[in-house]
Amino acid sequence: MSSDSLPPLPQNLIVLGCGQVAVDFLATVASFPNPDDKIRSTSLKVQGGGNAGNASTCAARLGLNPRLISKVSNDSHGKGILEELEADGVDTSFFIVSEKGNSSFTYVIVDSQTKTRTCIHTPGYPPLIPEELSQSSLLSALDGVNMVYFDGRHHETALVVAKEAARKNIPILVEAEREREGLDDLLDFATYAICSAKFPQAWTEAPSFSSALISMLLRLPKLKFVIGTLGEEGCIMLERSVNGGSDAEEMDVQCLLESLKLIKDDSKTIPTCISSVETKLSANGIGTITGRLFVGTAEKIPPSELVDTTGAGDAFIGAVLYGMPPEKMLPFAAQVAATGCRALGARTGLPLRTDPRLVSFL
């Protein structure tokens with residue numbers, strides 16, 4: 001299929017992000033230094049970063065219309081952040097620009113040997129506060145929006161935006177990377193949640209990853225699905241049944257997860273997705289949810305092509321904002337994330353919608 005014959009977008013999708021933007025200083029090294037070492041980088045790249053900034057950039061390259069609420073200072077970093085986002089098609093008209101302080105920046109050490117990255121972050125100052133976002137700007141930012149995304153930063157302002165989005169019945173996606181101040185309040189409004197591998201159990205204190213997903217859906221009644229991303233192991237998603245499914249068979253969620261993993265085709269290199277039928281899923285001592293469990297695989301990237309995993313989770317979220325059904329969404333998001341891992345930095349390798357590697361998913 002040529003890029004000219006790609007199917008049209010389902011609608012003129014507008015997504016609103018609220019969260020962190022930054023400048024990333026990415027240094028690739030042969031191996032991570034020991035204390036008191038002096039080493040040389042093998043390559044250096046400076047580019048925009050921050051979870052919300054990266055996810056919005058990804059969404060823009062995939063053909064969506066992202067708007068972003070965040071804050072920078074009127075310094076060289078801040079100007080560069082805005083210019084880069086605007087060049088990619090992200091609407092920055094709702095940014096707050098401070099005449100004082102500093103914009104966020106992050107030093108990223110990319111280890112060529114272990115294919116890992118270490119981030120040292122300096123937050124922007126002064127932080128974004130709700131009083132800086134006027135009611136008229138808030139209403140304009142939300143006008144016509146199909147989904148709102150929060151990365152958990154600027155929590156006081158994010159909560160104001162979430163309350164208004166909920167009042168307008170706009171779906172809300174919350175990223176739960178780790179426990180942060182104000183994140184619990186945001187999750188109360190979430191329609192969808194995407195979590196890091198460690199978050200579900202840390203937040204719920206459940207004994208297993210799968211039981212933690214059940215606990216999250218029980219604790220957050222507005223939540224329609226929760227996804228846990230697992231890096232090269234893919235992802236696991238639990239979707240709540242809309243109809244309740246009172247006649248569905250009951251099954252232990254961990255047993256079901258193991259059975260799905262057994263039928264996963266490990267010979268395939270491209271991302272895939274397998275799912276259960278609608279089932280009553282139980283977790284001992286936690287409760288029962290009626291829904292479907294999904295296991296998504298990651299692309300098996302050849303070691304020679306894997307460059308940097310910085311921003312892979314942000315790319316995954318940017319693709320989820322596309323709004324596909326789960327069976328298509330999980331492989332598509334995994335493919336977008338994997339494509340981005342083939343270049344240094346969170347944004348360098350983010351694909352356009354016309355990228356040949358995405359055609360089969362669209």
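We count residues from 1, following the sequence as given.
Heavy atoms from other residues, nucleotides or ligands lying under 6.0 Å from CD of Q135 number more than 12. For K163, the NZ atom counts as loosely surrounded, since its 6.0 Å shell holds 12 or fewer non-hydrogen atoms of other residues, nucleotides or ligands. Other residues, nucleotides and ligands contribute more than 12 heavy atoms inside 6.0 Å of the CG atom of D184.
For the ring pair (Phe, Tyr, Trp, His ring centres under 6.0 Å) test, residues two or more places apart in sequence or in another chain that qualify with F225 are Y192. Annotation: ring pair (Phe, Tyr, Trp, His ring centres under 6.0 Å) contacts of H155 (sequence neighbours excluded): none. For F316, the ring pair (Phe, Tyr, Trp, His ring centres under 6.0 Å) criterion is met by no residue, not counting sequence neighbours. Residues satisfying the ring pair (Phe, Tyr, Trp, His ring centres under 6.0 Å) test with F25, not counting sequence neighbours, are H77, Y107.
Under the 3.5 Å distance criterion, the side-chain polar atoms of S73 are matched with a main-chain donor or acceptor of K100. Without hydrogens or angle criteria, R67 side chain to A141 main chain gives a donor-acceptor distance under 3.5 Å. Between the side chain of N146 and the backbone N or O of I14 there is at least one donor-acceptor pair closer than 3.5 Å. Distance alone, capped at 3.5 Å, is enough to place a donor-acceptor pair between the R61 side chain and the R347 backbone. A donor-acceptor pair under 3.5 Å is absent between the side-chain atoms of K198 and the main chain of R178, judged by distance alone. R353 places no side-chain N or O within donor-acceptor distance of the main-chain N or O of G63, the cut-off being under 3.5 Å. The main-chain N or O of L13 is found under 3.5 Å from a side-chain atom of N65 such that the two form a donor-acceptor pair. No donor-acceptor pair closer than 3.5 Å links the side chain of S275 to the backbone N or O of F294. A distance-only check finds no donor-acceptor pair linking the side chain of S137 to the backbone of L133 [under 3.5 Å]. For K224 (side chain) and E239 (main-chain N/O), no donor-acceptor pair under 3.5 Å exists by modelled atom type.
Between M324 and L362, the closest side-chain pair of non-hydrogen atoms falls below 4.5 Å. The closest side-chain heavy-atom distance from D355 to T339 is below 4.5 Å. You'll find the side chain of E299 stays beyond 4.5 Å of the side chain of E305, heavy atoms only. Counting heavy atoms from C-beta on, the side chains of D265 and T272 never come closer than 4.5 Å. Contact of the T114 side chain with the F32 side chain is not registered, since no non-hydrogen atoms from C-beta on lie closer than 4.5 Å. S98 is listed as a side-chain neighbour of P126, based on a closest heavy-atom distance under 4.5 Å. Using a 4.5 Å heavy-atom cutoff, the side chains of L183 and F199 are in contact. The shortest side-chain heavy-atom distance between R153 and R180 falls under the 4.5 Å cut-off.
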(message) Set out, in order, the CA-CA distance, both residues' side-chain angles and the distance that settles side chain to side chain contact (heavy atoms under 4.5 Å, CB included) for V161 and F94, then state yes or no.
(response) CA-CA 12 Å; V161 178; F94 302 102; over 6 Å; no
(request) Please assess V226 against L220 for the test side chain to side chain contact (heavy atoms under 4.5 Å, CB included), listing each intermediate value before the final yes or no. (result) CA-CA 10 Å; V226 56; L220 302 168; over 6 Å; no
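Nearest heavy atom pair, residue G19 against residue D151, reads CA-OD1, 3.2 Å. Of all the heavy atoms in C58 and A319, the pair that sits closest is SG-N, 4.1 Å. For N54 against G48, the heavy-atom pair with the smallest separation is OD1-O, 3.8 Å. Of all heavy-atom pairs between S70 and V21, the closest is OG-CG2, 3.5 Å. For the pair P271 and Q335, the tightest heavy-atom approach, listed with the atom from each and the gap, is CD-OE1, 3.2 Å. Heavy atoms only, all atoms of each residue included: A59 and V15 are closest at CB-CG2, 4.4 Å.
The line from NE2 of H121 to OG1 of T106 is 5.0 Å long, rounded to the nearest 0.5 Å. Residue S56 holds its OG atom at 7.0 Å from OH of Y149, rounded to the nearest 0.5 Å. For the atom pair CG of L173 and OG1 of T191, the computed distance is 8.5 Å after rounding to the nearest 0.5 Å. In this structure, the separation between CG on L44 and CG on L26 is 8.0 Å, given to the nearest 0.5 Å. A distance of 11.5 Å separates SG of C195 from CD1 of I236, quoted to the nearest 0.5 Å. Rounding to the nearest 0.5 angstrom, the gap separating the CG atom in L142 from the CD1 atom in I170 is 4.5 Å.
Put simply, F361 and L62 are part of the same group of oily side chains (I, L, V, M, F, W, Y) that touch within less than 4.5 Å, one to the next. In the hydrophobic clustering of ILVMFWY residues, with side-chain heavy atoms under 4.5 Å counting as a link, I301 and L358 come out apart. Follow the hydrophobic side-chain contacts under 4.5 Å out from I69 and you never reach L64; the two are in separate clusters.
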Let me have the donor-acceptor pairs involving side chains of residues 35-42, under 3.5 Å, with sequence neighbours excluded, atom names and distances please.
unit_1 : atom_1 : unit_2 : atom_2 : d
D37    : OD2    : N34    : N      : 2.9
T42    : OG1    : T28    : O      : 3.1

Only distances under 3.5 Å count here; give the side-chain donor-acceptor pairs of residues 253-263 to other protein atoms, sequence neighbours excluded, each with its distance to 0.1 Å.
unit_1 : atom_1 : unit_2 : atom_2 : d
Q254   : OE1    : S210   : OG     : 2.5
Q254   : NE2    : E258   : OE2    : 2.8
S259   : OG     : L256   : O      : 2.6

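For the residue pair D75 / S103, a side-chain donor-acceptor distance below 3.5 Å is found, with atom types taken as modelled. A side-chain donor from one of T348 and Q47 sits under 3.5 Å from a side-chain acceptor of the other.
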